[in-house]
2 protein chains.
Amino acid sequence: MEAAERRATVLRAVVEEYVRTAQPVASQAITDSRDLGVSSATVRNDMTQLEREGFLAQPHTSAGRIPTDQGYRYFVDHFTSAGGLPVGQRRAVADFFATTHRALEDLLHETSQLLARLTSHAAVVVGPDADAVRVRSAQLVAIEPGTVLAVVVLGNGTVEREVLRSTVDGERLGRASGAFDSALKGGTLAPTTPATTTGDPEADVLLADAIHAVTTRARHVSDHLYVGGVSRLAAEQDAFATTATTARLLEMLEEQVVVVSLVRDLLDHGVNVSIGSENDVDELRDCSIVLAPYQVEGALAGTVGILGPTRMDYAQALAAVAAVSQQLGRLLLPSA
Amino acid sequence: MEAAERRATVLRAVVEEYVRTAQPVASQAITDSRDLGVSSATVRNDMTQLEREGFLAQPHTSAGRIPTDQGYRYFVDHFTSAGGLPVGQRRAVADFFATTHRALEDLLHETSQLLARLTSHAAVVVGPDADAVRVRSAQLVAIEPGTVLAVVVLGNGTVEREVLRSTVDGERLGRASGAFDSALKGGTLAPTTPATTTGDPEADVLLADAIHAVTTRARHVSDHLYVGGVSRLAAEQDAFATTATTARLLEMLEEQVVVVSLVRDLLDHGVNVSIGSENDVDELRDCSIVLAPYQVEGALAGTVGILGPTRMDYAQALAAVAAVSQQLGRLLLPSA
DNA sequence: AGTAGCAGTCGAGTCTACCGACTGCTAGTT
DNA sequence: AACTAGCAGTCGGTAGACTCGACTGCTACT
């Protein structure tokens, strides 16, 4: 084995051992657990080299090495390809999606919890960007005297609804409904107000109300973040030094909007794994994010991801998000 | 001042000081901050008496006293009556409810966050029990070829909807919708299956589907827990000794069902404040819960509450939940 | 290039001593 | 009888000294 190649193997070993034990990895620990055919002294030399190159770091002089963010990055880019999920977990995912039968919101929420269970980390699920989803049909329905329901069916099978007050009904409501449909159908729910009129002032008011309500609601729902397994963040305390750090993480997850835009941003740049200092957000300096988009009918529908300490099992994490995102996309196909 | 009366004042002072400082309270700290007209030695005597009676405890011999759960209980029962909210907070609540304009789910969720901000503790909002809400009207609407929407309007103005697949449409759908309405109207959404038929097999299938979907969904929604300010739990770490305790609390809040039934149970017994060991749930041994029901049109609609360490400002907590529950009930009045 | 072996470094754990913050009690006062 | 002054006693917490042992880095050798 060539020297450079061996150094890569040493790096790999350090990452794997550190993920397993959470302790700085000594040169001997590597020669003990791997069969490199060289002595610990040689591994030590490789390690100093790797440290010079920025892949490893030493907490203090008389300690083993831990990976730097750059070290994790190399590991992710070179040693995590095509890992499948263990059978047990693969079955858990299949079972979940076979038996679940819920409205979209609940499904996404429970998906985040599934992912959290699988990976033992906090999990997030982000819905599709409102701008990206087309309207399949829209209508207004009288549900009570004085109350009208605006119903919009989206390209991904989701149904959004909003309650409105209006005395318009019967024939006139039918015309308003037609105008509502033609105003939205085929477009997105981005907040535009197509100037449509029916020649009926009261119905026009209703129409404007309905379009406004539906678009703002869509924005709100699409920016919603489903978070599962927050308790894992507290359990991972050792990684996130202080309890104040944990509190700030939880706060950020509650904010939602920060995380949602971060996730969209990462994915727009084709990034699946963001490690520690690669994150621009301060709170995430000690965290890594592993993402996988899910697609419905070939179109990007949203993202699932997990949020854990940089010291995480990236291979398993990648396998888990891949499996879940794929199954989720499949389930969403025939409309919820 | 009579001796027994003074002891009560001492207890009160210990609770208030301990809530403020989080440190065991010394006899001198009390004579310094209050004007009891007696020396610290006398306070010491009162404290030993209060300890014998179970209201105070000593972490170790050479330390001040801290209140026991029983001590907090006495404090809550005798010294927290009729506290109003400070003007700043009162305005914050009014502003929130004046400007907010959202669908029910979002409103409840944001209410929980408001309450968390007000009290600096985690907050929960529980919706009404499904068994307690009457159906105002129900109908089935075709939204696309092959897709039917079941819409149910509830007594509190909430609108539940569920998407179904069925090819029944036109005239036949109208009849099914009528049957759907008469099957549910005036009753609750408790999972019963009134045997209704329309004499049209396919429509009957749709009808059964719709009733089933709507009742299960209602159960699911009504058992939903809106949690705000979970990050406070991490920030209160000092109170919940270990990080493992925090993790278990977060887990429980994610479970939802435990907390929902606990809250309903407490309120059924007319309990507004449950302190530490008074909670049957193990995870809550170091927590207190402060609750206030909110009413819509005179009927019990749900509960708001906060969850914090036993060492909390009960007077402020009670004032906050009272103010929020009252305003929330008022806002829900004209239907969402 | 690779290795054996040893000196050097530093964190973590243990022990001791000490300080200071309380209380409980006793003796004395009003 | 109620209260108080004052003092002895208790115990947690902190700082310093010491040891142990887990590593590394280096040098000399193969």
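For the numbers below, each heavy atom of this structure counts, side chains included, while hydrogens, waters and symmetry mates do not. By convention in this document, chain letters (A, B, ...) are assigned in the order of the sequence lines, proteins followed by strands, and residues within each chain are numbered from 1. Please read all numbers here as calculations on a predicted model, not as lab measurements.
You'll find the side chain of Ile66(A) reaches within 4.5 Å of the side chain of Pro24(A), heavy atoms only. With a 4.5 Å cut-off on side-chain heavy atoms, Thr310(A) and Asp286(A) do not count as touching. For the pair Val124(A) and Ile289(A), the minimum side-chain heavy-atom distance is 4.5 Å or more. No side-chain heavy atom of Val227(A) sits less than 4.5 Å from a side-chain heavy atom of Val259(A). Between Arg65(A) and Ser27(A) there is no side-chain heavy-atom pair separated by less than 4.5 Å. You'll find the side chain of Tyr314(B) reaches within 4.5 Å of the side chain of Val290(B), heavy atoms only. Here the side chains of Thr9(A) and Asp46(A) are not in contact, with every heavy-atom distance at 4.5 Å or above. Between His121(A) and Gln316(A), every side-chain heavy-atom pair lies at or beyond the 4.5 Å cut-off.
Around the CD atom of Gln28(B), the shell of radius 6.0 Å holds no more than 12 heavy atoms that belong to other residues, nucleotides or ligands.
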Mind listing the side-chain donor-acceptor pairs of residues 53-64 of chain B below 3.5 Å, one per line with the distance, residues two or more places apart or on another chain?
from: Glu53(B); atom 1: OE2; to: Gln49(B); atom 2: NE2; distance (Å): 2.8
from: Gln58(B); atom 1: NE2; to: Thr61(B); atom 2: O; distance (Å): 2.9
from: Gln58(B); atom 1: NE2; to: Ala63(B); atom 2: O; distance (Å): 3.2

Quick one: which protein N/O atoms are closer than 3.5 Å to N/O atoms of nucleotides 26-30 of chain C? Pair and distance per line, please.
none

Between protein and nucleotides 14-18 of chain D, what N or O pairs are separated by less than 3.5 Å?
none

Dump every N/O contact between nucleotides 23-25 of chain D and the protein below 3.5 Å, one line per pair.
from: dT24(D); atom 1: OP1; to: Ser27(A); atom 2: N; distance (Å): 3.1
from: dT24(D); atom 1: OP2; to: Ser27(A); atom 2: N; distance (Å): 3.4
from: dT24(D); atom 1: OP2; to: Ser27(A); atom 2: OG; distance (Å): 2.6
from: dG25(D); atom 1: OP1; to: Arg65(A); atom 2: NH2; distance (Å): 3.2
from: dG25(D); atom 1: OP2; to: Arg65(A); atom 2: NH2; distance (Å): 3.3
from: dG25(D); atom 1: N7; to: Arg44(A); atom 2: NE; distance (Å): 3.1
from: dG25(D); atom 1: O6; to: Arg44(A); atom 2: NH2; distance (Å): 3.2

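With hydrogens and angles disregarded, a donor-acceptor distance shorter than 3.5 Å links the side chain of Gln89(B) to the backbone of Leu118(B).
Listed by residue number, the members of residues 10-17 of chain B with any heavy atom below 4.0 angstrom from DNA chain D form an empty set.
The salt bridge (Lys or Arg N to Asp or Glu O under 4.0 Å) pairs that include a residue from residues 76-92 of chain B are Arg73(B)-Asp77(B), where partners are two or more places apart or lie in different chains.
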> How far apart are the C-alpha atoms of Glu236(B) and Met312(B), what are their side-chain angles, what is the distance that settles it, and do they pass the side chain to side chain contact (heavy atoms under 4.5 Å, CB included) test?
Replying inline: CA-CA 11 Å; Glu236(B) 280 156 359; Met312(B) 78 161 73; over 6 Å; no
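Summarising the geometry, the separation between CD on Gln49(A) and P on dG2(C) is reported as 12 Å, rounded to the nearest angstrom. Atom CD of Glu2(B) and atom P of dC3(D) are 11 Å apart (whole Å). As rounded to whole Å, 5 Å separates atom C1' of dG11(C) from atom NE2 of His60(A). For the pair Asp46(A) CG and dA1(C) P, the computed distance is 12 Å after rounding to whole Å. Distance, Leu36(B) CG to dT4(D) P: 10 Å, rounded to whole Å. For Ile66(B) and dG12(D), the CD1 to P distance is 14 Å, given to the nearest whole Å.
Checking dG12(D), dA5(D), dC3(D) against every side-chain atom of Arg6(B), the shortest atom distance belongs to dC3(D).
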